[in-house]
S.K.: 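Right, I'll just put the structure down here and ask away after.
Letters go in sequence order (proteins before strands), and every chain restarts at 1.
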Amino acid sequence: MTDRALAVVRAGALTTVQDQGRPGHAHLGVPRSGALDAPAAALVNRLVGNAPEAAVLETTLNGCAVRPRSTVTVAVGGAPCAITVDGRPAAWGAPLRVPGGALLDIGPARSGVRSYLAVSGGVAVEPVLGSRSTDLLSGLGPAPLTDGTVLPLGPSVRAHARVDVVPHPAPPAELVLRVTLGPRDDWFTAAAVGAFTTHPYTVSTASNRIGLRTEGPALVRAVPGELPSEGMVLGAVQVPPDGRPVVFLADHPTTGGYPVIAVVHPADLPATAQAAPGTPVRFVAVRRRA
Amino acid sequence: MRALPAGDHALLIEVGTGEEAQALHAELLRRRAAGELAVAEIVPAARTVLLDGLDAPSRLAERLASWEVPPVPPRAGDVVEIPVRYDGPDLVDVAAHWDVSEAEVARLHAAAEFRVAFCGFAPGFGYLTGLPREVPRRGTPRTAVPAGSVALAGPYTGVYPRASPGGWQLIGTTDAVLWDHARVPAALLSPGTRVRFVPVGAP
């Protein structure tokens, strides 16, 4: 092992390696995966001088702690949190020099859910089908981090960004998701479609990288029975038998047998990564692009 | 053929039968290879083909209406042979459903030629059509099905690429590696592949 490595001291509740994912293999049953808050991952990569496709760490709720073996530049973004280096407070959302052997601690999310840690050179685990992302549905990519995991780092190639402050979107107090109805809105009663786009839902604790689960009015079907399995897109709002909408996120199954009432606008998906359980959700129907 | 929009960048094309879906899938692959179709993902399924990553889904939906989709030629492509020991725990139940002996279940399965209609559930899990008779899923799914289990459900047969929960009827076991991400291609079976099961050893 070279000194271009990162030792995981505290893995946290769920910390995974993520990059831009592995799209293009859905026909083989392979989810796209990738960072849920893709703009946050792209921003921390930019702050440390990495290419956009470099792999970062995605934490869940309570951060993580790592010890680089050599001096690196890091940046933490996404969910705002306290950061310390060997116990001394350090800046969130900005490039940061961490000496070799020092302990970088990423604290619990103050708001939001997922913080992103970029390290100069990127996390250089072996790619699977062109991506280093952990896919929690199918188990492709590296396993979620555990205490003691050592992650190789790639060579640092570029100087980090010379900026002091960059704008980060705040985690949503309310999630407003623009949706286009279909492909299977006709499987629901008109009253159910109306309820879906007018009644508030809340983010369920059962949400994960596969789907944002919601609690709220159960959507009543107009068509009973099973839908033959069909392809699912990112952002599909699938309605399982309990009637509560589930928004499909990066690790979603590539095919499914429950009807999709609507699809969330791609630009609104990163905010779902930062919507903590209990966050209100509104689905707003917009006209389909002509 | 009905084109249903799925968001602003995808079309779910619905047809009447599984055979039509397989024919449409083949035609879409042909048109993509010929440079007539720019799309990121072509995902066939039971009665649909999903086109994801389109610039202008509504324009394509209009063009689709005039397409001639030829049926899939019956002998297109190589056959993948999968060796099977017909030793599954649900052979008895399947035999009872079909009102035949367990040996006859194995014979029928090994005599049929299958085609991968689509993949899903897990990387490398193919839904194969060509079964001479249908069989219901198990009433209670198993929490753990071993990798390599050869199974039946509805009109499909398939092989579990890795250990997972599952509700299909298990009729046999194979040593074939269905999925190996270090191999090229990673998936032994992809949509359109022709498949035969070859009995090995004593049942």
S.K.: With only heavy atoms counted, which part of A:Pro23 is less than 4.5 Å from chain B, the side chain, the backbone, both or neither?
M.R.: both

S.K.: Which heavy-atom pair separates A:Thr180 from B:Gly7 by the least distance, and what is that distance?
M.R.: OG1-CA, 3.3 Å

S.K.: What is the minimum heavy-atom distance between B:Ala10 and A:Val233, and which atoms define it?
M.R.: CB-CG1, 3.7 Å

S.K.: Please check if atom CG in B:Asp78 has more than 12 non-hydrogen atoms from other residues, nucleotides or ligands closer than 6.0 Å.
M.R.: no

S.K.: Which of residues 35-46 of chain B get closer than 4.5 angstrom to chain A, counting heavy atoms alone?
M.R.: B:Ala40, B:Glu41, B:Ile42, B:Val43, B:Pro44, B:Ala45, B:Ala46

S.K.: Side-chain contact test, heavy atoms from C-beta onward, threshold under 4.5 Å: evaluate it for A:Arg184 versus B:Leu12 and give yes or no.
M.R.: yes

S.K.: Identify each donor-acceptor pair in which a side-chain atom of residues 114-127 of chain B lies under 3.5 Å from a protein atom, sequence neighbours left out, and give them as a table.
M.R.:
residue, atom, partner, partner atom, Å
B:Arg115, NH1, B:Gly192, O, 3.1
B:Arg115, NH2, B:Pro73, O, 3.3

S.K.: Assess whether atom CZ of B:Arg59 is packed by more than 12 heavy atoms of other residues, nucleotides or ligands within 6.0 Å.
M.R.: no

S.K.: Quick one: what part of A:Leu137 sits under 4.5 Å from any heavy atom of chain B, side chain, backbone, both or neither?
M.R.: backbone

S.K.: Tell me, for A:Val260 versus chain B, whether the close heavy atoms (under 4.5 Å) come from the side chain, the backbone, both or neither.
M.R.: neither

S.K.: Heavy-atom distances under 4.5 Å only: say whether A:His265 touches chain B with side chain, backbone, both or neither.
M.R.: side chain

S.K.: Less than 4.5 Å apart, side chain to side chain, heavy atoms only: is that true for B:Leu50 and A:Glu230?
M.R.: no

S.K.: Which answer fits A:Leu28, side chain, backbone, both or neither, if we ask what part of it has an atom under 4.5 Å from a heavy atom of chain B?
M.R.: both

S.K.: Between B:Asp52 and A:Arg32, is there a side-chain N and carboxylate O pair less than 4.0 Å apart?
M.R.: yes

S.K.: Where on B:Arg162 is there a heavy atom nearer than 4.5 Å to chain A: the side chain, the backbone, both, or neither?
M.R.: side chain

S.K.: Output the distance between atom CG (B:Asp8) and atom CZ (A:Arg287), rounded to the nearest 0.5 Å.
M.R.: 12.0 Å

S.K.: I'd like to know which of A:Pro228, A:Gly257, A:Gly24 tops the heavy-atom pair count under 4.5 Å against chain B.
M.R.: A:Gly24

S.K.: Given heavy-atom pairs under 4.5 angstrom as the criterion, report whether the side chain, backbone, both or neither of B:Leu11 touches chain A.
M.R.: neither

S.K.: In this structure, are over 12 heavy atoms from other groups packed under 6.0 Å from A:Arg213 atom CZ?
M.R.: no

S.K.: Go through A:Asp135, A:Thr254, A:Thr255 and name the one with the most non-hydrogen pairs under 4.5 angstrom from chain B.
M.R.: A:Thr255

S.K.: Between atom CG of B:Leu4 and atom CG of A:Asp186, what is the distance when rounded to the nearest 0.5 Å?
M.R.: 7.5 Å

S.K.: For B:Ser190, is it the side chain, the backbone, both, or neither that has a heavy atom closer than 4.5 Å to a heavy atom of chain A?
M.R.: both

